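For reference, the structure discussed in these notes is given below.
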Amino acid sequence: MTATVATLGFPRIGPRRELKFALEKYWSGKSTEAELQDAASGLRTAAWARQKALGADWLPSNDFSLYDHVLDTSVMLGAIPDRYGAGAGEADLATYFAMARGTTATDDGCGQAHASLTACEMTKWFDTNYHYMVPELVAGQKLTLNGSKIVDEYREARAQGFETRPVLLGPVTWLSLAKGRDVDPFDFLDEVLGLYSVILGHLGHAGAEWVQIDEPVLVLDLDERQRKALTRAYAKLTRCGVKLMLATYFGGLEDNLTFAASLPVAGLHIDLVRAPDQLDRVLKAAPRSLLLSLGVIDGRNVWRSDLQRILDRVEPIAAGRDIVLAPSCSLLHVPVDLALEGRIDDEVKQWLAFAVQKIEELAILKRALNEGRASVAVELAASAQAAANRLTSARIHDANVSTRVAAATPAMRERHSAYETRALAQAEVLGLPAFPTTTIGSFPQTAEVRHARAEHNRGHLDDAAYQQFLREETARAIRWQEEVGLDMLVHGEFERNDMVQYFGEQLSGFAFTVNGWVQSYGSRCVRPPILYGDVSRPDPMTVEWWRYAQSLTGKPVKGMLTGPVTILNWSFVRDDQPREASCRQIAFAIRAEVLDLEAAGCKAIQIDEAALREGLPLRKRDWQQYLDWAVDCFRLSAAGVGDATQIHTHMCYSEFNDILPSIGAMDTDVISIETARSQMELLEGFARYRYPSAIGPGVYDIHAPRVPSGEEMVQLMRLAQQHLRPEQLWVNPDCGLKTRRWEEVKPAIEAMVEAARTLRVEAMAAA
Ligand code: GLN
Ligand code: ZN
């Protein structure tokens, strides 16, 4: 029996973000479409050649995208909203990018704005940090096959001598992700299946023997309609003359397992990293004729595998049937190549594997299965050595940390008094007016700020000069906030590169890459910190900045921290202990910082949990368990302070209804949330839940350059008062202001302060 190696997808951005730079050049008009396409084709060729050289037998094509593979699928099906005016025919590149990014309004110089198109909505791809463009469908829409990207890329590879297995997003996952305006997307099922049949026919005609069809919805809770659609889809699509490898990933099939294994496809890929236990059940349920693709290497994380352990599991299977070895999912979610890292030291490096290294690992496994373990004895020993070293390394295991975490008592999660009592104590210390005004923390990261940081990183600006620069920015921000009349000030976060990285760099247990980029959306890439070891805080991280800012004003300055759950969710985290154990360690580090801030005299401390919601597991059944430990970690970080110290949190999203009890359980004194775009609707939920403490419903949508008027903000706050008691309300923007320009921020905040004054007068009159 033979084992082969497949990849389900390779990073598209290129080893050094070549795609990003090619896109930006094109968007700014500095290159032509042909030049962009050349760059893209160069990246595809390099990816195929690389994967083949590393030992992959099944190479993916159409895993590349100029922006997003879900958008590619929508365009392929002609699901192009009318507003882009593409008509039934070909959607050109301009239409594609208009859907992806919108078009900016042009001003005719007389203040007359010309129509600008909004982009399609963007949201997170399952539980990853990759964002896709949400497909849109309207009643009566006519879908048509559009473009031949997938066939072209298959042919392109073939012409270069690469036989590939094209990757196609499955119809049922596409429909499940789609938003119907006045229509159920599943009404389009037959039409969509018709188009998929044509595409598969074209691929077969072009020479493709296999097609990988991705249906990650199979790891979710499915409803009857989705199951029926899957049955119908695969009954039809298997008759198109190509063999289908049905790919499932990001979790186990669980209750969908028997169903999935019975679909009439030629192959099934399963995720054995997230759901190792499903292997036995799949083996039982899968007919011999079904080619199994085993996702044994983690496509979602950066750790090197213990190859012998994997072999122990797959050897008995490979003795009895052909198998494909693969990463658990597309390698889109990990950085390209560890060999490009100079900043990570060798000890940590030996524990890591990026996309390239993961394919190398698969190739070793393949040889071990086909030619015997002895043929790769050296490689297997090295892998085992790294795993053993990770178990005991002092870089990872810090007894002080485990002792501290183990000693956590229930009392450490509890504030001294209930909110009502705390609120009185805080009112006395802070002396704030009704409808207090504040901001979320950051002020514009201007070109000068970014330039100074870059110069400092390059060693062109020494520490003292850089610190001096940051102090001046901070002082200017404090002065301006006093002038404009804000009630609770912030220092402005000028010293922070990123709200997670800034803390990770000061905590032990985190490593940072120079080239470890992962696509977030389109041309945007992020370099998540790598949390490899026990977390502790050698020194205070923010106290000096707070102290300096507070020394400049008599008004209260908020301390500003990123919360443990957000630091966890935006990092690559350890796979040698549960996420919650890592989170608890971070919580202790933040708790120490909170207490140091309080000891320094800080009266209000904001602990941002921007990413709490996005950590929700894919299956609803697992939600509560996650929420329980997430809330517990937040409380551990926050609850050490006295009654008079006000704990704030900030969350930048607006879906709370299904997690309100957990938000309440965080027991914060003030929460600021995103509401400007939803007209305060979500406050209804807070009211129904009888949310006890204070809320700052964002009145200024900072995601757009537009400066709202004071009158609009007053209106929004009047709406807020339909749901909440006036004394519960704060007045603040939706989120931090770092992406805005001072020219926008200044008038908007002036208007906001003015709005609060109006509200106070109205409240007096009503009393
Ligand atoms: N304090 C952070 C800021 O103002 C919060 C950012 C966020 O929630 N994304 O930038
Ligand atoms: Zn935010």
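Both counts, for ligands and for their atoms, begin at 1 and track the order of listing. Worth knowing before you read on, the calculation uses all heavy atoms, side chains too, and leaves out hydrogens, waters and symmetry mates. Model, not experiment: these values are computed from the prediction.
A salt bridge between Glu593 and Arg537 is present, with a side-chain N of the basic residue lying under 4.0 Å from a carboxylate O of the acidic one. In summary, Asp127 and Arg300 engage in a salt bridge, as defined by a charged side-chain N under 4.0 Å from a carboxylate O. Comment: Lys555 does not engage Glu483 in a salt bridge, judged by the lack of any side-chain N to carboxylate O separation of less than 4.0 angstrom.
Ring geometry, Phe97 versus Tyr67: the interplanar angle exceeds 60°, so the pair is classed perpendicular (tilted spans 30 to 60°).
The aromatic ring centroids of His333 and Phe126 lie 6.0 Å or more from each other.
Checked against Val557 for a side-chain contact (heavy atoms from CB on, under 4.5 Å), the options Leu489, Thr474, Leu552 give a single hit: Leu489. Test Val500, Ile530, Ile586 against Ser571 for side-chain contact (heavy atoms from CB on, under 4.5 Å) and you get one pass: Val500.
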Practice item. Check the pair Glu750, Lys746 against salt bridge (charged side-chain N to carboxylate O under 4.0 Å, His left out), reporting the backbone distance first and the verdict last. Key: CA-CA 6 Å; Glu750 273 164 30; Lys746 285 190 170 170; over 6 Å; no

Exercise for review: Using the salt bridge (charged side-chain N to carboxylate O under 4.0 Å, His left out) rule, take Arg476 and Glu473 through it: C-alpha gap first, then chi angles, then the decisive distance, then the call.
Suggested key: CA-CA 5 Å; Arg476 211 189 338 255; Glu473 289 294 313; 2.8 Å; yes

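With waters neither drawn nor counted, the protein N/O/S atoms under 2.8 Å from the Zn ion (ligand 2) amount to 3.
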Please tabulate protein-ligand N/O pairs under 3.5 Å for ligand 1, atom names and distances to 0.1 Å.
residue  : atom   : partner : partner atom : Å
ligand 1 : 1 (N)  : Ile440  : O            : 3.1
ligand 1 : 1 (N)  : Glu493  : OE2          : 2.9
ligand 1 : 1 (N)  : Asp608  : OD2          : 2.7
ligand 1 : 4 (O)  : Ile440  : O            : 3.4
ligand 1 : 4 (O)  : Ser442  : N            : 2.8
ligand 1 : 4 (O)  : Ser442  : OG           : 3.1
ligand 1 : 8 (O)  : His650  : NE2          : 3.2
ligand 1 : 10 (O) : Ser442  : OG           : 2.7
ligand 1 : 10 (O) : Lys738  : NZ           : 3.0

